[in-house]
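Residue numbering restarts at 1 for every chain, and letters A, B, ... go by the order of the sequence lines.
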Amino acid sequence: MLERELPKLFLFFISMIVILSFYFGGSLNTISNYFINSTVTIVAISILFAAFTFIRRYVKVIMKRKDTEGMLHLYALALTAIMVVIGLGIGETSDLYNNIFNATLVPVQNAFWAILGLYTLSAAVKALKARTVESWTLLIVAFITILYNAPIAVAIWPGFETLGNFVFNVVTKGPSWALSVGAAAGAIAMMIRTIIGIDKAESSKEAN
Amino acid sequence: MIISGRITPFIILLTWWIAELYFIRKGMKGEINYIRRIPALDGITEAIGKAAEEGKSVHYSAGDSGSLRNSSAAPMILAAMSLLTYVSEHCARMGAKLIVTSAQADALPLTIESVRDGYRKAGADDEYVDDTVRFVSEDQIAYSAGAIDMFVTENVGASFLFGYWAGMALVLLGAAQDVNAMQVGGTPRGQNVYMVVVADYSLIYEEMYAAAAYVSQDAMSINSIAGQDWHKIILIAIIVASFGLALLGLPVMTWLGM
(Lines give C-alpha, C1' and ligand atoms only; values in the text may rest on other atoms or scores of the structure.)
Protein backbone atom coordinates (compact mmCIF):
# COMPACT_ATOMS: atom_id res chain seq x y z
CA MET A 1 0.00 0.00 0.00
CA LEU A 2 2.67 2.48 1.13
CA GLU A 3 4.98 1.40 -1.68
CA ARG A 4 2.23 2.27 -4.16
CA GLU A 5 0.87 5.45 -2.66
CA LEU A 6 4.04 7.12 -1.38
CA PRO A 7 5.49 7.96 -4.84
CA LYS A 8 2.10 9.38 -5.85
CA LEU A 9 2.00 11.52 -2.71
CA PHE A 10 5.52 12.81 -3.39
CA LEU A 11 4.57 13.55 -6.98
CA PHE A 12 1.47 15.47 -5.89
CA PHE A 13 3.34 17.42 -3.21
CA ILE A 14 6.28 18.42 -5.44
CA SER A 15 4.02 19.25 -8.40
CA MET A 16 1.87 21.54 -6.26
CA ILE A 17 4.98 23.41 -5.05
CA VAL A 18 6.20 23.87 -8.63
CA ILE A 19 2.77 25.05 -9.84
CA LEU A 20 2.13 27.41 -6.92
CA SER A 21 5.64 28.89 -7.17
CA PHE A 22 4.62 30.35 -10.55
CA TYR A 23 1.72 32.26 -8.96
CA PHE A 24 3.11 33.09 -5.52
CA GLY A 25 6.89 33.25 -6.11
CA GLY A 26 9.08 33.96 -3.05
CA SER A 27 10.56 31.04 -1.14
CA LEU A 28 8.37 28.62 -3.10
CA ASN A 29 10.50 29.49 -6.14
CA THR A 30 13.67 28.42 -4.34
CA ILE A 31 12.19 25.06 -3.33
CA SER A 32 10.73 24.57 -6.81
CA ASN A 33 14.08 25.28 -8.51
CA TYR A 34 15.78 22.81 -6.17
CA PHE A 35 13.43 20.02 -7.27
CA ILE A 36 13.73 20.94 -10.96
CA ASN A 37 17.52 21.19 -10.85
CA SER A 38 17.89 17.88 -9.01
CA THR A 39 17.02 16.13 -12.31
CA VAL A 40 20.56 16.95 -13.43
CA THR A 41 21.67 13.72 -11.71
CA ILE A 42 19.49 11.71 -14.09
CA VAL A 43 20.88 13.72 -17.02
CA ALA A 44 24.47 12.88 -16.03
CA ILE A 45 23.71 9.17 -15.81
CA SER A 46 21.85 9.27 -19.13
CA ILE A 47 24.82 10.84 -20.87
CA LEU A 48 27.11 8.08 -19.59
CA PHE A 49 24.50 5.59 -20.78
CA ALA A 50 24.53 7.30 -24.22
CA ALA A 51 28.31 7.08 -24.48
CA PHE A 52 28.16 3.40 -23.62
CA THR A 53 25.39 2.72 -26.21
CA PHE A 54 27.28 4.71 -28.85
CA ILE A 55 30.55 2.82 -28.37
CA ARG A 56 28.87 -0.60 -28.20
CA ARG A 57 26.80 0.00 -31.36
CA TYR A 58 29.61 1.49 -33.39
CA VAL A 59 32.10 -1.22 -32.44
CA LYS A 60 29.49 -3.80 -33.52
CA VAL A 61 29.10 -2.10 -36.92
CA ILE A 62 32.88 -1.82 -37.40
CA MET A 63 33.32 -5.55 -36.62
CA LYS A 64 30.60 -6.50 -39.12
CA ARG A 65 31.24 -4.07 -41.95
CA LYS A 66 34.60 -3.60 -43.56
CA ASP A 67 33.27 -1.27 -46.28
CA THR A 68 32.81 2.54 -46.33
CA GLU A 69 30.11 2.41 -43.66
CA GLY A 70 32.45 0.58 -41.29
CA MET A 71 35.14 3.18 -42.00
CA LEU A 72 32.73 6.04 -41.27
CA HIS A 73 31.78 4.49 -37.94
CA LEU A 74 35.47 4.05 -37.16
CA TYR A 75 36.07 7.70 -38.04
CA ALA A 76 33.20 8.77 -35.73
CA LEU A 77 34.59 6.68 -32.87
CA ALA A 78 38.12 8.03 -33.37
CA LEU A 79 36.83 11.59 -33.46
CA THR A 80 34.87 11.03 -30.26
CA ALA A 81 37.97 9.65 -28.54
CA ILE A 82 40.06 12.63 -29.68
CA MET A 83 37.42 15.11 -28.47
CA VAL A 84 37.15 13.38 -25.09
CA VAL A 85 40.92 13.28 -24.59
CA ILE A 86 41.44 16.91 -25.62
CA GLY A 87 38.34 18.10 -23.73
CA LEU A 88 39.40 16.40 -20.51
CA GLY A 89 43.11 17.11 -21.02
CA ILE A 90 43.33 20.76 -21.98
CA GLY A 91 39.77 21.92 -21.52
CA GLU A 92 36.72 22.77 -23.59
CA THR A 93 37.79 26.38 -24.04
CA SER A 94 41.18 25.55 -25.57
CA ASP A 95 41.93 26.64 -29.15
CA LEU A 96 42.66 23.08 -30.27
CA TYR A 97 39.31 21.82 -29.00
CA ASN A 98 37.46 24.71 -30.65
CA ASN A 99 39.36 24.33 -33.92
CA ILE A 100 38.50 20.65 -34.17
CA PHE A 101 34.88 21.47 -33.31
CA ASN A 102 34.71 24.20 -35.95
CA ALA A 103 36.41 22.06 -38.58
CA THR A 104 34.29 18.96 -38.15
CA LEU A 105 31.04 19.45 -36.26
CA VAL A 106 30.06 22.85 -37.63
CA PRO A 107 30.15 21.67 -41.30
CA VAL A 108 28.17 18.56 -40.31
CA GLN A 109 25.56 20.73 -38.60
CA ASN A 110 25.32 22.97 -41.64
CA ALA A 111 24.93 19.91 -43.86
CA PHE A 112 21.99 18.89 -41.72
CA TRP A 113 20.26 22.22 -42.17
CA ALA A 114 20.90 21.88 -45.91
CA ILE A 115 19.24 18.45 -45.86
CA LEU A 116 16.31 20.09 -44.07
CA GLY A 117 16.04 22.52 -46.99
CA LEU A 118 15.81 19.62 -49.44
CA TYR A 119 13.17 17.83 -47.41
CA THR A 120 11.22 21.09 -47.00
CA LEU A 121 11.14 21.44 -50.77
CA SER A 122 10.05 17.83 -51.18
CA ALA A 123 7.29 18.28 -48.53
CA ALA A 124 6.16 21.52 -50.17
CA VAL A 125 5.81 19.79 -53.54
CA LYS A 126 3.69 17.07 -51.92
CA ALA A 127 1.52 19.58 -50.05
CA LEU A 128 0.97 21.84 -53.02
CA LYS A 129 -0.65 19.47 -55.48
CA ALA A 130 -3.74 21.43 -56.53
CA ARG A 131 -6.42 18.79 -56.80
CA THR A 132 -9.28 20.48 -54.94
CA VAL A 133 -10.56 24.02 -54.30
CA GLU A 134 -8.93 23.93 -50.84
CA SER A 135 -5.55 22.94 -52.24
CA TRP A 136 -5.82 25.67 -54.90
CA THR A 137 -6.41 28.21 -52.11
CA LEU A 138 -3.41 26.82 -50.26
CA LEU A 139 -1.32 27.02 -53.42
CA ILE A 140 -2.21 30.69 -53.99
CA VAL A 141 -1.42 31.57 -50.36
CA ALA A 142 1.85 29.61 -50.58
CA PHE A 143 2.78 31.47 -53.75
CA ILE A 144 2.23 34.82 -52.01
CA THR A 145 4.27 33.61 -49.00
CA ILE A 146 7.16 32.49 -51.21
CA LEU A 147 7.22 35.84 -53.01
CA TYR A 148 6.98 37.67 -49.65
CA ASN A 149 10.10 35.85 -48.47
CA ALA A 150 12.03 36.46 -51.71
CA PRO A 151 13.73 39.90 -51.54
CA ILE A 152 13.70 40.25 -55.33
CA ALA A 153 9.90 39.86 -55.48
CA VAL A 154 9.39 42.57 -52.84
CA ALA A 155 11.85 44.80 -54.72
CA ILE A 156 9.84 44.35 -57.93
CA TRP A 157 6.46 44.99 -56.29
CA PRO A 158 6.30 46.14 -52.62
CA GLY A 159 2.69 44.95 -52.50
CA PHE A 160 3.98 41.41 -51.89
CA GLU A 161 5.16 42.59 -48.48
CA THR A 162 1.68 43.91 -47.61
CA LEU A 163 0.06 40.70 -48.85
CA GLY A 164 2.59 38.55 -46.98
CA ASN A 165 2.07 40.47 -43.75
CA PHE A 166 -1.69 40.04 -44.18
CA VAL A 167 -1.26 36.27 -44.56
CA PHE A 168 0.99 36.01 -41.50
CA ASN A 169 -0.70 38.49 -39.19
CA VAL A 170 -4.36 38.05 -40.07
CA VAL A 171 -5.09 34.85 -42.00
CA THR A 172 -2.90 32.45 -40.03
CA LYS A 173 -2.99 34.15 -36.62
CA GLY A 174 -6.57 33.16 -35.67
CA PRO A 175 -6.28 29.45 -36.50
CA SER A 176 -2.82 29.39 -34.93
CA TRP A 177 -4.16 30.80 -31.66
CA ALA A 178 -7.11 28.42 -31.74
CA LEU A 179 -4.68 25.49 -32.10
CA SER A 180 -2.60 26.89 -29.24
CA VAL A 181 -5.67 27.08 -26.96
CA GLY A 182 -6.45 23.44 -27.83
CA ALA A 183 -2.87 22.35 -27.22
CA ALA A 184 -2.77 24.21 -23.89
CA ALA A 185 -6.06 22.56 -22.86
CA GLY A 186 -4.57 19.17 -23.67
CA ALA A 187 -1.36 19.93 -21.80
CA ILE A 188 -3.20 21.02 -18.66
CA ALA A 189 -5.50 17.98 -18.74
CA MET A 190 -2.38 15.82 -19.13
CA MET A 191 -0.77 17.61 -16.18
CA ILE A 192 -3.79 17.05 -13.94
CA ARG A 193 -4.00 13.37 -14.91
CA THR A 194 -0.30 12.96 -14.08
CA ILE A 195 -0.40 14.87 -10.79
CA ILE A 196 -3.36 13.00 -9.37
CA GLY A 197 -1.82 9.72 -10.50
CA ILE A 198 -4.38 8.41 -12.97
CA ASP A 199 -1.88 8.33 -15.85
CA LYS A 200 0.01 5.64 -14.03
CA ALA A 201 1.97 2.81 -15.53
CA GLU A 202 0.45 -0.59 -16.27
CA SER A 203 2.61 -2.21 -13.61
CA SER A 204 1.08 -0.06 -10.89
CA LYS A 205 -2.41 -0.80 -12.26
CA GLU A 206 -1.70 -4.50 -11.77
CA ALA A 207 -0.55 -3.79 -8.25
CA ASN A 208 -3.85 -2.08 -7.54
CA MET B 1 0.26 37.14 -2.17
CA ILE B 2 -0.31 36.27 -5.80
CA ILE B 3 2.15 37.93 -8.18
CA SER B 4 0.56 40.88 -10.00
CA GLY B 5 -0.88 39.93 -13.41
CA ARG B 6 -1.23 36.26 -12.48
CA ILE B 7 -4.57 36.42 -10.65
CA THR B 8 -6.72 35.67 -13.71
CA PRO B 9 -4.54 32.75 -14.88
CA PHE B 10 -4.70 31.37 -11.32
CA ILE B 11 -8.52 31.55 -11.29
CA ILE B 12 -8.65 29.94 -14.74
CA LEU B 13 -6.36 27.15 -13.54
CA LEU B 14 -8.56 26.57 -10.49
CA THR B 15 -11.72 26.29 -12.62
CA TRP B 16 -9.79 23.96 -14.90
CA TRP B 17 -8.98 21.68 -11.97
CA ILE B 18 -12.61 21.71 -10.87
CA ALA B 19 -13.88 20.80 -14.36
CA GLU B 20 -11.29 18.02 -14.75
CA LEU B 21 -11.91 16.58 -11.29
CA TYR B 22 -15.68 16.59 -11.89
CA PHE B 23 -15.33 14.50 -15.05
CA ILE B 24 -12.67 12.25 -13.53
CA ARG B 25 -15.02 11.61 -10.59
CA LYS B 26 -17.73 10.64 -13.07
CA GLY B 27 -15.25 8.18 -14.54
CA MET B 28 -14.60 6.72 -11.09
CA LYS B 29 -18.33 6.02 -10.83
CA GLY B 30 -18.18 4.16 -14.13
CA GLU B 31 -19.81 6.82 -16.35
CA ILE B 32 -17.70 7.04 -19.51
CA ASN B 33 -17.97 9.92 -21.96
CA TYR B 34 -18.02 9.09 -25.67
CA ILE B 35 -14.71 9.79 -27.41
CA ARG B 36 -14.48 9.43 -31.18
CA ARG B 37 -11.92 6.99 -32.54
CA ILE B 38 -8.78 8.71 -33.85
CA PRO B 39 -7.77 7.24 -37.27
CA ALA B 40 -4.05 7.64 -36.55
CA LEU B 41 -4.38 5.08 -33.72
CA ASP B 42 -5.44 2.47 -36.27
CA GLY B 43 -2.43 3.60 -38.28
CA ILE B 44 -0.14 2.67 -35.37
CA THR B 45 -1.26 -0.96 -35.28
CA GLU B 46 -1.29 -1.12 -39.09
CA ALA B 47 2.31 0.14 -39.28
CA ILE B 48 3.55 -2.26 -36.57
CA GLY B 49 1.77 -5.16 -38.29
CA LYS B 50 3.34 -4.24 -41.65
CA ALA B 51 6.83 -4.00 -40.12
CA ALA B 52 6.39 -7.33 -38.32
CA GLU B 53 5.24 -9.04 -41.54
CA GLU B 54 8.23 -7.72 -43.43
CA GLY B 55 10.63 -8.66 -40.63
CA LYS B 56 11.63 -5.03 -40.15
CA SER B 57 12.14 -2.95 -36.99
CA VAL B 58 9.82 -0.34 -35.49
CA HIS B 59 11.26 3.03 -34.51
CA TYR B 60 9.77 5.32 -31.85
CA SER B 61 10.84 8.75 -30.68
CA ALA B 62 9.41 11.23 -28.19
CA GLY B 63 11.14 14.19 -29.80
CA ASP B 64 14.38 15.60 -31.12
CA SER B 65 14.88 17.97 -28.17
CA GLY B 66 13.16 19.31 -25.05
CA SER B 67 13.28 17.95 -21.53
CA LEU B 68 11.07 17.31 -18.54
CA ARG B 69 12.56 20.47 -17.00
CA ASN B 70 10.99 22.52 -19.79
CA SER B 71 7.39 23.36 -18.83
CA SER B 72 6.11 23.40 -22.40
CA ALA B 73 7.94 20.23 -23.47
CA ALA B 74 7.14 18.15 -20.37
CA PRO B 75 3.43 17.45 -21.08
CA MET B 76 4.27 16.54 -24.68
CA ILE B 77 6.96 14.09 -23.56
CA LEU B 78 4.61 12.59 -20.95
CA ALA B 79 1.86 12.13 -23.55
CA ALA B 80 4.41 10.50 -25.86
CA MET B 81 5.30 8.09 -23.04
CA SER B 82 1.69 6.87 -22.79
CA LEU B 83 1.72 6.28 -26.54
CA LEU B 84 5.08 4.53 -26.23
CA THR B 85 3.56 2.01 -23.81
CA TYR B 86 0.81 1.38 -26.39
CA VAL B 87 3.32 0.98 -29.23
CA SER B 88 5.63 -1.32 -27.26
CA GLU B 89 2.69 -3.47 -26.16
CA HIS B 90 1.65 -3.96 -29.80
CA CYS B 91 5.24 -4.59 -30.88
CA ALA B 92 5.52 -7.30 -28.23
CA ARG B 93 2.21 -8.85 -29.30
CA MET B 94 3.05 -8.79 -33.02
CA GLY B 95 6.68 -9.82 -32.60
CA ALA B 96 8.20 -6.66 -34.10
CA LYS B 97 11.60 -5.45 -32.93
CA LEU B 98 11.26 -2.04 -31.26
CA ILE B 99 13.97 0.63 -31.22
CA VAL B 100 13.35 3.74 -29.16
CA THR B 101 15.71 6.65 -29.74
CA SER B 102 15.78 9.31 -27.07
CA ALA B 103 16.96 12.91 -27.03
CA GLN B 104 15.67 13.69 -23.56
CA ALA B 105 18.25 12.68 -20.97
CA ASP B 106 16.05 13.34 -17.93
CA ALA B 107 13.20 11.31 -19.45
CA LEU B 108 15.35 8.24 -20.05
CA PRO B 109 14.26 6.24 -16.96
CA LEU B 110 10.64 7.06 -17.82
CA THR B 111 11.19 5.97 -21.42
CA ILE B 112 12.65 2.63 -20.32
CA GLU B 113 9.81 2.04 -17.86
CA SER B 114 7.18 2.91 -20.48
CA VAL B 115 8.60 0.31 -22.85
CA ARG B 116 8.84 -2.29 -20.08
CA ASP B 117 5.22 -1.57 -19.12
CA GLY B 118 4.13 -2.22 -22.68
CA TYR B 119 5.97 -5.56 -22.76
CA ARG B 120 4.57 -6.45 -19.34
CA LYS B 121 1.05 -5.66 -20.51
CA ALA B 122 1.54 -7.96 -23.49
CA GLY B 123 2.80 -10.66 -21.12
CA ALA B 124 6.24 -10.61 -22.71
CA ASP B 125 8.47 -9.23 -19.92
CA ASP B 126 11.28 -11.60 -20.82
CA GLU B 127 11.37 -10.40 -24.44
CA TYR B 128 12.45 -6.92 -23.41
CA VAL B 129 16.14 -6.31 -24.14
CA ASP B 130 18.26 -3.47 -22.74
CA ASP B 131 19.23 -2.38 -26.23
CA THR B 132 15.64 -1.30 -27.01
CA VAL B 133 15.93 2.24 -25.62
CA ARG B 134 18.90 4.20 -26.94
CA PHE B 135 19.67 7.65 -25.66
CA VAL B 136 21.50 9.36 -28.51
CA SER B 137 22.13 13.00 -27.60
CA GLU B 138 20.41 16.10 -26.27
CA ASP B 139 21.71 18.06 -29.25
CA GLN B 140 19.07 17.85 -31.97
CA ILE B 141 21.53 17.57 -34.87
CA ALA B 142 23.59 14.84 -33.19
CA TYR B 143 20.35 13.10 -32.21
CA SER B 144 19.01 13.20 -35.77
CA ALA B 145 22.28 11.88 -37.19
CA GLY B 146 22.20 8.96 -34.73
CA ALA B 147 18.52 8.20 -35.38
CA ILE B 148 18.95 8.29 -39.17
CA ASP B 149 21.91 5.92 -38.84
CA MET B 150 19.60 3.47 -37.07
CA PHE B 151 16.94 3.82 -39.79
CA VAL B 152 19.47 2.42 -42.24
CA THR B 153 21.46 -0.05 -40.14
CA GLU B 154 18.46 -1.48 -38.26
CA ASN B 155 16.19 -1.82 -41.32
CA VAL B 156 13.31 0.25 -39.98
CA GLY B 157 9.86 -0.52 -41.47
CA ALA B 158 7.70 1.76 -39.30
CA SER B 159 8.47 4.99 -37.53
CA PHE B 160 6.48 6.87 -34.89
CA LEU B 161 7.32 10.44 -34.02
CA PHE B 162 5.32 11.87 -31.12
CA GLY B 163 6.11 14.36 -28.38
CA TYR B 164 8.24 17.50 -28.59
CA TRP B 165 9.61 18.20 -32.06
CA ALA B 166 11.72 21.09 -33.26
CA GLY B 167 13.80 21.70 -36.41
CA MET B 168 14.73 18.10 -37.13
CA ALA B 169 11.19 16.69 -37.41
CA LEU B 170 11.19 16.96 -41.18
CA VAL B 171 14.67 15.48 -41.50
CA LEU B 172 13.60 12.35 -39.60
CA LEU B 173 10.33 12.13 -41.52
CA GLY B 174 12.20 12.45 -44.80
CA ALA B 175 14.84 9.91 -43.80
CA ALA B 176 12.18 7.39 -42.75
CA GLN B 177 10.45 7.91 -46.07
CA ASP B 178 13.72 7.24 -47.87
CA VAL B 179 13.83 3.76 -46.30
CA ASN B 180 10.12 3.24 -47.18
CA ALA B 181 8.99 3.15 -43.56
CA MET B 182 5.32 3.67 -42.76
CA GLN B 183 4.98 6.67 -40.47
CA VAL B 184 2.62 8.03 -37.84
CA GLY B 185 3.40 11.35 -36.20
CA GLY B 186 1.96 14.00 -33.97
CA THR B 187 3.09 16.98 -31.96
CA PRO B 188 1.22 19.95 -30.52
CA ARG B 189 3.78 22.27 -32.11
CA GLY B 190 4.25 24.03 -35.45
CA GLN B 191 6.18 21.01 -36.77
CA ASN B 192 2.83 19.21 -36.91
CA VAL B 193 2.37 20.51 -40.46
CA TYR B 194 5.35 18.42 -41.62
CA MET B 195 3.80 15.34 -40.10
CA VAL B 196 0.50 16.03 -41.84
CA VAL B 197 2.28 16.32 -45.17
CA VAL B 198 4.86 13.52 -44.93
CA ALA B 199 3.54 10.89 -42.47
CA ASP B 200 0.95 8.31 -43.48
CA TYR B 201 -1.19 9.18 -40.45
CA SER B 202 -0.95 12.13 -38.13
CA LEU B 203 -2.37 13.31 -34.84
CA ILE B 204 -3.37 16.95 -35.16
CA TYR B 205 -2.03 19.11 -32.32
CA GLU B 206 -4.01 18.33 -29.12
CA GLU B 207 -5.13 14.96 -30.53
CA MET B 208 -1.83 13.65 -29.21
CA TYR B 209 -2.93 14.36 -25.62
CA ALA B 210 -6.37 12.86 -26.29
CA ALA B 211 -4.76 9.79 -27.91
CA ALA B 212 -2.51 9.33 -24.87
CA ALA B 213 -5.59 9.18 -22.63
CA TYR B 214 -7.59 7.13 -25.11
CA VAL B 215 -5.07 4.32 -25.49
CA SER B 216 -5.02 3.78 -21.73
CA GLN B 217 -8.72 2.71 -21.97
CA ASP B 218 -9.07 4.02 -18.45
CA ALA B 219 -12.48 5.61 -17.68
CA MET B 220 -10.94 8.45 -15.64
CA SER B 221 -8.38 9.31 -18.32
CA ILE B 222 -10.99 9.24 -21.09
CA ASN B 223 -13.36 11.43 -19.07
CA SER B 224 -10.59 13.97 -18.49
CA ILE B 225 -10.74 14.67 -22.26
CA ALA B 226 -14.36 15.74 -21.77
CA GLY B 227 -13.21 18.10 -19.00
CA GLN B 228 -10.60 19.49 -21.36
CA ASP B 229 -13.26 20.10 -24.06
CA TRP B 230 -15.60 21.84 -21.64
CA HIS B 231 -12.84 24.12 -20.52
CA LYS B 232 -12.06 25.00 -24.11
CA ILE B 233 -15.69 26.05 -24.53
CA ILE B 234 -15.39 28.24 -21.42
CA LEU B 235 -12.17 29.81 -22.76
CA ILE B 236 -13.76 30.49 -26.15
CA ALA B 237 -16.71 32.13 -24.35
CA ILE B 238 -14.29 34.32 -22.35
CA ILE B 239 -12.42 35.31 -25.55
CA VAL B 240 -15.65 36.18 -27.42
CA ALA B 241 -17.10 38.08 -24.42
CA SER B 242 -13.84 40.00 -23.90
CA PHE B 243 -13.76 40.88 -27.58
CA GLY B 244 -17.35 42.17 -27.46
CA LEU B 245 -16.76 44.17 -24.27
CA ALA B 246 -13.50 45.62 -25.62
CA LEU B 247 -15.37 46.73 -28.76
CA LEU B 248 -17.78 48.59 -26.47
CA GLY B 249 -14.78 50.45 -25.02
CA LEU B 250 -14.82 48.73 -21.64
CA PRO B 251 -11.46 48.14 -19.83
CA VAL B 252 -11.55 44.33 -20.11
CA MET B 253 -7.80 43.89 -19.81
CA THR B 254 -7.79 45.82 -16.52
CA TRP B 255 -10.64 43.67 -15.20
CA LEU B 256 -8.68 40.56 -16.14
CA GLY B 257 -5.70 41.96 -14.24
CA MET B 258 -3.43 41.92 -17.29
Residue B:Leu68 versus chain A: region with a heavy atom under 4.5 Å: neither

Spatial distance of atom CE (B:Met220) from atom CD1 (A:Ile196) [nearest 0.5 Å]: 7.5 Å

Structural part of B:Val136 lying under 4.5 Å from a heavy atom of chain A: backbone

Please lay out, stage by stage, how B:Met168 and A:Trp113 fare under the test side-chain contact (heavy atoms from CB on, under 4.5 Å). CA-CA 9 Å; B:Met168 288 294 122; A:Trp113 291 114; 3.6 Å; yes

Derivation of the ring pair (Phe, Tyr, Trp, His ring centres under 6.0 Å) call for B:Phe10 and A:Phe24: CA-CA 10 Å; B:Phe10 186 64; A:Phe24 295 94; 5.5 Å; yes

Interchain contact, B:Leu13 with chain A, by part (heavy-atom threshold 4.5 Å): side chain

With a sphere of 6.0 Å drawn around CZ of A:Arg56, does it hold more than 12 non-hydrogen atoms of other residues, nucleotides or ligands? yes

Those residues of residues 143-152 of chain B, ordered by number, that approach chain A below 4.5 Å (heavy atom to heavy atom): B:Ser144, B:Ala145, B:Ile148, B:Asp149, B:Met150

Nearest heavy-atom pair of A:Ala189 and B:Gln228: which atoms, and what distance? CB-OE1, 3.5 Å

Heavy-atom distances under 4.5 Å only: say whether B:Ile2 touches chain A with side chain, backbone, both or neither. both

Of the listed A:Ser176, A:Gly25, A:Ala51, A:Gly186, the one with the largest count of heavy-atom pairs under 4.5 Å with chain B is A:Gly186

Before you tell me yes or no, could you show the steps for B:Tyr209 and A:Met191 under side-chain contact (heavy atoms from CB on, under 4.5 Å), namely the whole-Å CA-CA distance, both residues' side-chain angles and the distance that decides it to 0.1 Å? CA-CA 10 Å; B:Tyr209 294 116; A:Met191 174 200 80; over 6 Å; no

Given that the side chain runs from C-beta out, which part of B:Glu138 has a heavy atom under 4.5 Å from chain A: side chain, backbone, both or neither? side chain

Portion of A:Ile45 that has a non-hydrogen atom of chain B nearer than 4.5 angstrom: neither

Would you name the heavy atoms of B:Tyr205 and A:Ala183 that are closest together and state the gap between them? CD2-CB, 4.4 Å

Quick check: closest heavy atoms across A:Gly182 and B:Lys232, and the distance to 0.1 Å? CA-CD, 3.8 Å

A:Lys60 vs B:Asp131, side-chain contact (heavy atoms from CB on, under 4.5 Å): CA-CA, chis, key distance, verdict: CA-CA 13 Å; A:Lys60 226 185 251 179; B:Asp131 205 24; 4.3 Å; yes

Looking only at B:Ala210, B:Gly27, B:Gly167, the option with the highest number of non-hydrogen pairs under 4.5 Å against chain A is B:Gly167

Could you look at B:Ala169 and say if it's the side chain, the backbone, both or neither that has a heavy atom under 4.5 Å from chain A? neither

B:Met28 atom CE, neighbour heavy-atom count above 12 within 6.0 Å: no

Give, as side chain, backbone, both or neither, the part of B:Asp139 having an atom under 4.5 angstrom from any heavy atom of chain A. side chain

State, yes or no, whether a side-chain contact exists between B:Ser224 and A:Arg193 at a heavy-atom distance under 4.5 Å. yes

So, the part of A:Thr120 with a heavy atom under 4.5 Å from chain B: the answer is both

Backbone of A:Phe22 reached by a side-chain donor or acceptor of B:Arg6 within 3.5 Å: yes

Which one, A:Leu20, A:Asn37, A:Leu105, A:Ile192, leads in non-hydrogen pairs under 4.5 Å with chain B? A:Ile192

I'd like to know which of A:Leu116, A:Val181, A:Ile19, A:Val108 tops the heavy-atom pair count under 4.5 Å against chain B. A:Leu116

Which atoms of B:Leu173 are under 4.5 Å from chain A, going by heavy atoms: the side chain, the backbone, both sets, or neither? neither

Correct closest heavy-atom pair for B:Ala79 and A:Met190 would be N-CE, 3.6 Å

In terms of heavy-atom proximity below 4.5 Å to chain A, should B:Asn70 be classed as side chain, backbone, both, or neither? neither

At a heavy-atom separation under 4.5 Å, does A:Ile195 approach chain B through its side chain, its backbone, both, or neither? side chain

Considering only heavy atoms, which portion of B:Gln140 lies under 4.5 Å from any heavy atom of chain A: side chain, backbone, both, or neither? side chain

For atom CH2 of B:Trp17, decide whether the heavy atoms of other residues, nucleotides or ligands shown that lie under 6.0 angstrom number more than 12. yes

Take A:Tyr119 and B:Val198 through the test side-chain contact (heavy atoms from CB on, under 4.5 Å) and record every step on the way to the result. CA-CA 10 Å; A:Tyr119 282 132; B:Val198 182; over 6 Å; no

Below 4.5 Å, heavy-atom pairs only: which of A:Val18, A:Ile36, A:Ile115 has the largest tally toward chain B? A:Ile36

Answer key: most heavy-atom pairs under 4.5 Å with chain A among B:Val171, B:Ile236, B:Asp106 is B:Val171

Taking B:Val197, B:Ile7, B:Asn192, B:Leu21 one by one, which has the highest count of heavy-atom pairs under 4.5 Å against chain A? B:Val197

Pick whichever of B:Arg69, B:His231, B:Gln177 has the most heavy-atom pairs under 4.5 Å with chain A. B:Arg69

Does any backbone or side-chain atom of A:Leu118 lie under 4.5 Å from a heavy atom of chain B? Answer side chain, backbone, both or neither. neither

Going by the rule side chain to side chain contact (heavy atoms under 4.5 Å, CB included), which residues pair with A:Ile140 if we only count those two or more places apart in sequence or in a different chain? A:Ile144

Is B:Glu207 close to chain A through its backbone or its side chain, or both, or neither, when contacts mean heavy atoms under 4.5 Å? neither

Which answer fits A:Phe35, side chain, backbone, both or neither, if we ask what part of it has an atom under 4.5 Å from a heavy atom of chain B? neither

